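Down below is the structure, laid out as structure tokens.
Read the numbers this way: they start at 1 and go in the same order the structure lists the ligands and their atoms. As the structure is a prediction and not an experimental result, all values here were calculated from the model.
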Amino acid sequence: MEFDAKEPKRRLPKPLVSQLTEEQLRAIFMQSDINKDGLLSKKELKHAFSRLGALIPAFRAARGLHHADANHDGLVDKDELDDLIKYAYRLGYKVT
Ligand SMILES: [Ca+2]
Ligand SMILES: [Ca+2]
């Protein structure tokens, strides 16, 4: 039987903050659909961005809506949500 006394102990420091994954962002946006109609209104987007810790949630909601709202109905639907998630992901929101 071999015994390796030099087995390295791996102690990687845990990062204090990590960027939210697209899945985590999606979950936050889905949870922010307060009236559960499958669409995200500007008010609900504001709620989502405030949960994400945005400094000015109303501004982020407006920018995110402008970015993702392909059919210009003022709401983010399931198809448009992917663009919104990409937009939010690029902003690099972190969890602590
Ligand atoms: Ca809604
Ligand atoms: Ca839309």
Response to the item:
Sorted by chain and residue number, the side chain to side chain contact (heavy atoms under 4.5 Å, CB included) partners of Arg63 (sequence neighbours excluded) come out as Phe59, His66, Tyr87

Worksheet item: Can you name the closest pair of heavy atoms from Tyr93 and Ala88 and give their distance?
Response: CD1-O, 3.7 Å

Discussion item. Test your reading of the model: is there a side-chain donor-acceptor pair from Glu80 to the backbone of Asp77, 3.5 Å cut-off?
Written reply: yes

Worksheet, complete the sentence: Note: OE1(Glu44)-the Ca ion (ligand 1)-OD1(Asp33) angle, rounded to 10 degrees, equals 100°

Worksheet item: Is the count of non-hydrogen atoms from other residues, nucleotides or ligands lying under 6.0 Å from Lys36 atom NZ greater than 12?
Response: yes

Worksheet item: More than 12 foreign heavy atoms under 6.0 Å from CD1 of Ile34: is that the case here?
Response: yes

Item to complete: Decide, counting backbone as well as side-chain atoms, whether Asn35 has an N, O or S atom less than 3.0 Å from the Ca ion (ligand 1).
Response: yes

Worksheet item: Looking at Asp37, which of its N, O or S atoms is the nearest one to the Ca ion (ligand 1)?
Response: OD1

Fill in: Atoms named by residue and atom, protein N, O or S, within reach of the Ca ion (ligand 2) (under 3.0 Å)
Asp69 OD1, Asn71 OD1, Asp73 OD1, Leu75 O, Glu80 OE1, Glu80 OE2

Fill in: Which atom of Leu81 lies closest to which atom of Phe29, heavy atoms considered
CD1-CB, 3.9 Å

Item to complete: Kindly say whether Lys86 contributes a backbone atom to a donor-acceptor pair with the side chain of Asp82 at under 3.5 angstrom?
Response: no

